[in-house]
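The residues of the chain are indexed from 1 along the displayed sequence. The shown structure was predicted, so the numbers you read here are calculated from the model rather than taken from an experiment.
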Amino acid sequence: VALQAVNTTVRVVDDGARRMSVRLAAEHYSLDNYTNFEERVIQVSPAALLDPAIEQMQGIDITTGWALHEASHSAYSESMLDALTTPNPLAPMAVAGLLLNLLEDLRIERLTADKFPGFAGYFVAGSDYMWQKQEPHVPKTWGPSLHDKTNSIILAVKWHDKYQRIADLTGDVAFAS
C-alpha cells in the first residue's frame with residue numbers, strides 16, 4: 001500500500017515518455033536510494049516504513065521524499081550525465097561523480113519544489129530522517145582519506161546547519177572551514 005502511494009506521487013514528477021518503475025530495496029535496514037537510468041528504475045529504502053520508532057504515516061512521508069528525490073533525478077539529471085565525460089573524462093571519476101551528484105541533489109530538489117511547492121515538505125522529511133541516521137557516524141576530524149573528506153563535504157553541504165554545530169565542537173580549524 002505504501003509503495004503504491006509513493007509510486008503515484010512519483011508519477012507527478014517523473015512524467016516523461018520513459019518513466020521509471022519504483023521498487024523498494026530488498027535490505028530493509030539499507031538507506032540506499034538511487035536512480036538507475038539504464039534500467040529505468042528508482043529504488044528507495046523501506047527503512048522508514050519499517051522503523052518502529054516512527055508512525056506509519058511519517059514513514060510514508062519519508063519514503064515519498066526519497067522517491068521524489070530520485071524521480072527528480074529522472075526529470076532533471078539525465079541530461080547532466082555527459083558533464084562527467086564531455087569534452088574529456090573528469091578524474092578521479094568517483095570524486096567527480098560524487099561532487100556532481102551533490103550539486104544535482106540540491107538543484108533537482110529546488111526545481112521540483114519550485115514546480116510542485118506541496119512536495120517540499122517530503123524532501124525535508126526524507127532529509128531530516130537521513131540526518132538522524134547519519135549523525136552518529138559523522139566524522140569528528142577532517143580526513144585523513146579522500147573518501148572521508150568527500151563525505152565531510154557532502155554532509156556539510158546537505159546538512160549545513162546541523163553539521164556546522166558538530167564542526168564547531170571539534171575545534172579543528174581545517175574541519176570547520
Side-chain angles (χ1 to χ4, degrees), residues 1-84 96-138 150-151 153-163:
V1 172
L3 183 58
Q4 185 176 1
V6 169
N7 207 358
T8 299
T9 308
V10 162
R11 291 288 160 250
V12 175
V13 175
D14 181 32
D15 62 353
R18 297 181 55 220
R19 290 185 172 197
M20 299 274 189
S21 63
V22 181
R23 71 178 182 209
L24 295 175
E27 298 84 25
H28 70 277
Y29 54 85
S30 170
L31 293 174
D32 195 20
N33 302 294
Y34 63 82
T35 303
N36 183 322
F37 290 105
E38 288 179 18
E39 294 179 17
R40 308 305 301 166
V41 170
I42 290 172
Q43 177 174 295
V44 291
S45 168
L49 295 171
L50 301 172
D51 188 339
I54 61 174
E55 293 182 18
Q56 185 178 22
M57 288 309 298
Q58 185 182 6
I60 292 172
D61 286 353
I62 291 163
T63 307
T64 300
W66 294 339
L68 283 171
H69 173 91
E70 297 306 328
S72 298
H73 275 303
S74 174
Y76 302 113
S77 294
E78 198 163 11
S79 64
M80 298 298 291
L81 296 178
D82 284 343
L84 294 172
L98 277 172
L99 295 176
L100 176 64
N101 187 59
L102 175 61
L103 295 174
E104 274 298 280
D105 283 353
L106 300 171
R107 184 179 83 90
I108 64 172
E109 287 187 4
R110 180 186 47 80
L111 289 171
T112 297
D114 286 352
K115 188 172 181 179
F116 305 102
F119 288 167
Y122 290 112
F123 292 130
V124 172
S127 181
D128 286 351
Y129 184 82
M130 190 68 79
W131 173 257
Q132 290 172 11
K133 298 300 180 188
Q134 297 288 331
E135 187 174 14
H137 310 289
V138 169
T150 55
N151 280 341
I153 292 167
I154 290 167
L155 292 165
V157 172
K158 287 187 90 163
W159 294 284
H160 58 89
D161 55 333
K162 296 170 176 70
Y163 188 70

Are side-chain heavy atoms of [X] and [Y] found at a separation under 4.5 Å?
X	Y	result
Glu27	Asp32	no
Trp131	Lys158	no
Phe119	Ser72	no
Met20	Thr35	yes
Tyr76	Glu109	no
Val6	Trp66	no
Ser77	Ile108	yes
Thr112	Phe123	yes

Is any NZ, NE, NH1 or NH2 atom of the basic residue among [X] and [Y] found under 4.0 Å from an Asp or Glu carboxylate oxygen of the other?
X	Y	value
Arg11	Asp15	no
Glu78	Arg40	yes
Lys133	Asp128	no

Considering all heavy atoms of both residues, which atom of [X] and which atom of [Y] are nearest to each other, and what is their separation?
X	Y	result
Asn33	Ser45	OD1-N, 2.7 Å
Ser30	Ala47	O-CB, 3.9 Å
Pro136	Gln132	CD-O, 3.4 Å
Thr63	Gly59	OG1-O, 2.8 Å
Ala2	Leu49	CB-CD2, 3.7 Å
Val10	Ala67	CG2-CB, 3.5 Å

To the closest 0.5 Å, what do you measure between [atom1] ([X]) and [atom2] ([Y])?
X	Y	atom1	atom2	answer
Asn36	Glu70	CG	CD	10.5 Å
Gln134	Ile154	CD	CD1	9.5 Å
Phe37	Arg18	CZ	CZ	10.0 Å
Gln58	Asp51	CD	CG	8.5 Å
Leu98	Leu103	CG	CG	11.0 Å
Gln4	Thr9	CD	OG1	10.5 Å

message: Set out, in order, the CA-CA distance, both residues' side-chain angles and the distance that settles side chain to side chain contact (heavy atoms under 4.5 Å, CB included) for Tyr163 and Val157, then state yes or no.
response: CA-CA 8 Å; Tyr163 188 70; Val157 172; over 6 Å; no
field: Within 6.0 angstrom of Gln56 CD, more than 12 heavy atoms from elsewhere
entry: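 Counting other residues, nucleotides and ligands, CD of Gln56 stays at 12 neighbours or fewer.
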Is the closest side-chain donor-acceptor distance between [X] and [Y] under 3.5 Å?
X	Y	result
Asp105	His69	yes
Asp14	Ser74	yes
Tyr129	Asp61	no

task: Just do the side chain to side chain contact (heavy atoms under 4.5 Å, CB included) check on Glu104 and Met80 with the steps written out, would you?
output: CA-CA 9 Å; Glu104 274 298 280; Met80 298 298 291; 3.7 Å; yes
query: Any sub-3.5 Å donor-acceptor pair from Trp159's side-chain atoms to Ser127's backbone N or O?
result: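 Yes.
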- request: Starting from the C-alpha separation in whole Å, work towards a yes-or-no answer on side chain to side chain contact (heavy atoms under 4.5 Å, CB included) for Thr64 and Leu68.
  value: CA-CA 6 Å; Thr64 300; Leu68 283 171; 3.9 Å; yes
